[in-house]
Amino acid sequence: MEEVLSWPTLRDLIERTSRRFVTERVREVLGGLRQQIRDGEWPHPGPEISEALLETRVREAVEQALAYSLRPVINATGVILHTNLGRAPLSREALARAVEVAAQYSNLEYDLDQGRRGERDVHISRVLEALLGAPASIVVNNNAAAVMITLNTLAEGGEVIVSRGELIEIGGSFRIPEIMQKSGAVLREVGTTNRTRIGDYQKAINERTKLLLRVHPSNFRVVGFTERPSLEELVALGRKAGIPVFEDLGSGCLVSMAAQGIEDEVPVGESLKAGVDVVSFSGDKLLGGPQAGVIAGKKELVERIRRNPLFRAMRVDKLTYAVLEATLQAYWLDRPERIPALRMIRMTREEVEQRAERFVAACGQGQANPSRERERAGNPSREQPAPPALSAVEGSLSRDERAGTSALRLELVDGLSVLGGGSAPGQTLPTRLVAVRHATESATVLEKRLRGWQPPVIARVEDDTVLLDLRTVLPEQEAALTEAVRSLAAR
Ligand SMILES: *Cc1c(COP(=O)(O)O)cnc(C)c1O
């Protein structure tokens, strides 16, 4: 060990990391070699265990240990708010704010006018009041925490009335009945799975009732013979009975998405305008910001939630405030297109198609494709049927390259992108997908190779075809994706 560590060839590694770090890697490498020899896995006659071989192995071990575990991937799934892939990518403005605020001291909890302790919520409540007309608001870790602390504050020891049609489970074991139990409130179910009327709520109200809860069904939809009271009816009932109404909105949609065909998501401001006393929503779903849960509504109720000791356990860091404030400001300035998730939602099928065509051409090194040709010929009619399947990869490659890449076939097919993240169930956006097939390799193998690429590419597989949706691929990742797809042709 001492001898290996004293080799001049390893000196730069020790300087770049530390002696202890390299010592650990050398120990790993030597241990691994001993094990291989003991197990009879070291080939005889095998390569000599030379200084060069050890150096290579130690360098590899150092690189491997230095690689971050959490790293960027290319999301080619077409699921815009993919919970497993970190939900919303952040805007440039939001990131710049995070760097600026986090690298220095800030007035996170300091009142600059008074010169004394302040409250961290002011940084967000100012914008939310302007945007939503919310008299008060606070931020916690995520919307699950927001629901928990709201139920616990407003209904502990009492009953909460919820429609049976809203007793949902969201991924990651967030279930309304279980959250309710943990909050110390008693769930009082009313109505049926498909139909609940205002009279059902009314009949269930008694002296123990503390809250009327409305939950956005998020990831599922009941269709057919259904009924659910309007928010206005629920608010009117709450007022009459003197019981607050709390709505778990889930997604935190701040602008109408009706133009994109997304009708299930009602902007937060409309719930507050309808008179709902408290709402909660996620920061990293349709809002397109950081993981956070926002609680907004009547001053007196939000104040009570803030005073709950749980708030101290659920509050968020300055990074979240910086990123959330900048994200909300994009809405305030009527610039939602600054937010990557909103840009993705607003992309039309034609825009995705144009990108996909350019992408396929780039994979085949600049081959022109039929619909582009038509457009150049002065006939850009959108009414024309979709262009024939493209197999651009063979295009203008040299013979050698063609030999390597012609096994790969790319074509554009119609498909659907989805919002994901428990937003707008069944709400899809028409898209154009790049279908990737290989003459000899199965889709499963191709998908695995894309996943193993650096940066990893996450794709969909359907009907033994790898499908890439460029809607969710950030423009700055496209070159890397091109490389990854081209690499599939080899071998
Ligand atoms: C997503 C969602 C939650 C949980 O929000 P997180 O921010 O993921 O904790 C709670 N309620 C509803 C209705 C949701 O859609």
Side-chain angles (χ1 to χ4, degrees), residues 79-90 124 128 137-152 154-155 160 162-183 185 187 211-222 228 231 234 245-254 257 262-268 270-271 276 278-297 305 310-311 313-317 319-321 323-324 327-328 341 345 418-427:
V79 182
I80 297 171
L81 300 162
H82 200 305
T83 298
N84 302 150
L85 304 183
R87 289 198 186 155
L90 300 175
I124 295 301
L128 282 178
S137 50
I138 54 173
V139 183
V140 290
N141 255 318
N142 49 31
N143 189 34
V147 174
M148 179 71 163
I149 193 173
T150 302
L151 291 175
N152 176 263
L154 304 182
V160 179
V162 196
S163 159
R164 289 197 171 88
E166 297 173 5
L167 293 176
I168 55 161
E169 167 172 334
I170 301 160
S173 71
F174 177 92
R175 298 172 130 192
I176 291 292
E178 285 166 20
I179 292 282
M180 189 77 74
Q181 197 181 9
K182 284 285 178 198
S183 77
L187 173 68
L211 201 62
L212 305 182
L213 171 62
R214 169 92 138 194
V215 186
H216 190 291
S218 288
N219 48 8
F220 87 110
R221 223 182 339 177
V222 183
R228 163 184 206 212
L231 261 189
L234 208 56
V245 177
F246 165 40
E247 185 175 21
D248 170 12
L249 282 162
S251 222
C253 172
L254 294 188
M257 302 205 174
I262 297 161
E263 313 269 0
D264 278 4
E265 296 295 334
V266 178
V268 178
E270 291 188 20
S271 282
V276 173
V278 184
V279 297
S280 76
F281 52 91
S282 284
D284 55 355
K285 292 188 184 171
L286 281 183
L287 197 137
Q291 178 186 307
V294 177
I295 302 167
I305 299 169
L310 279 178
F311 180 64
M314 293 176 174
R315 72 178 190 189
V316 297
D317 173 54
L319 279 175
T320 304
Y321 278 97
V323 169
L324 188 56
T327 306
L328 291 171
I345 291 169
V418 296
L419 294 189
S423 308
Q427 296 279 20

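Please read all numbers here as calculations on a predicted model, not as lab measurements. All ligand and atom numbering here is 1-based and tracks the order in the structure.
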Checklist entry - Are Val147 and ligand 1 in contact, using a heavy-atom cut-off of under 4.0 Å? => result no
Next on the checklist: With respect to Ser251, determine whether any N or O atom, backbone or side chain, lies less than 3.5 Å from an N or O atom of ligand 1.
Outcome noted: no
Item to check | Set of residues satisfying salt bridge (charged side-chain N to carboxylate O under 4.0 Å, His left out) with respect to Glu270, sequence neighbours excluded | outcome: none
Next on the checklist: By the definition side-chain contact (heavy atoms from CB on, under 4.5 Å), identify the one residue from Leu324, Asn142, Asn141 that meets it with Val316.
Outcome noted: Asn141
Checklist entry - Just heavy atoms, cut-off under 4.0 Å: does Lys285 contact ligand 1 by side chain, backbone, both, or neither? => result side chain
Checklist entry - When only distance counts, is Asn143 in polar contact with ligand 1, meaning an N/O pair under 3.5 Å? => result yes
Item to check | Which of the ligand 1 atoms, numbered from 1, are nearer than 4.0 Å to a heavy atom of Ala144 | outcome: 4 (C), 5 (O), 6 (P), 9 (O)
Checklist entry - For ligand 1, which atoms have a heavy atom of Ser282 less than 4.0 angstrom away? => result 5 (O), 6 (P), 7 (O)
Item to check | With sequence neighbours excluded, residues passing salt bridge (charged side-chain N to carboxylate O under 4.0 Å, His left out) with Arg87 | outcome: Asp284
Checklist outcome for this item: Quick note on ligand 1: atoms under 4.0 Å from a heavy atom of His216 include exactly 13 (C)
Next on the checklist: Within the 4.0 Å heavy-atom shell around Phe174, which atoms of ligand 1 are there?
Outcome noted: 10 (C), 11 (N)
Checklist entry - Are any of the side-chain heavy atoms of Lys182 and Asn152 separated by less than 4.5 Å? => result no
Item to check | Contact check, side chains of Glu247 and Leu231, non-hydrogen atoms, under 4.5 Å | outcome: yes
Checklist entry - So which bit of Glu247 gets within less than 4.0 Å of ligand 1, heavy atoms only: side chain, backbone, both or neither? => result neither
Next on the checklist: Quick one, Leu187 and Gln181 - any side-chain contact, counting heavy atoms below 4.5 Å?
Outcome noted: no
Item to check | Over 12 foreign heavy atoms within 6.0 Å of CZ, Arg175 | outcome: no
Next on the checklist: When you compare the side chain of Ile168 with that of Val215, does any pair of heavy atoms fall below 4.5 Å?
Outcome noted: yes
Item to check | Enumerated ligand 1 atoms positioned under 4.0 Å from heavy atoms of Gly250 | outcome: 12 (C), 13 (C), 14 (C), 15 (O)
Checklist outcome for this item: So the atoms of ligand 1 within less than 4.0 Å of a heavy atom of Arg87 turn out to be 6 (P), 7 (O), 8 (O)
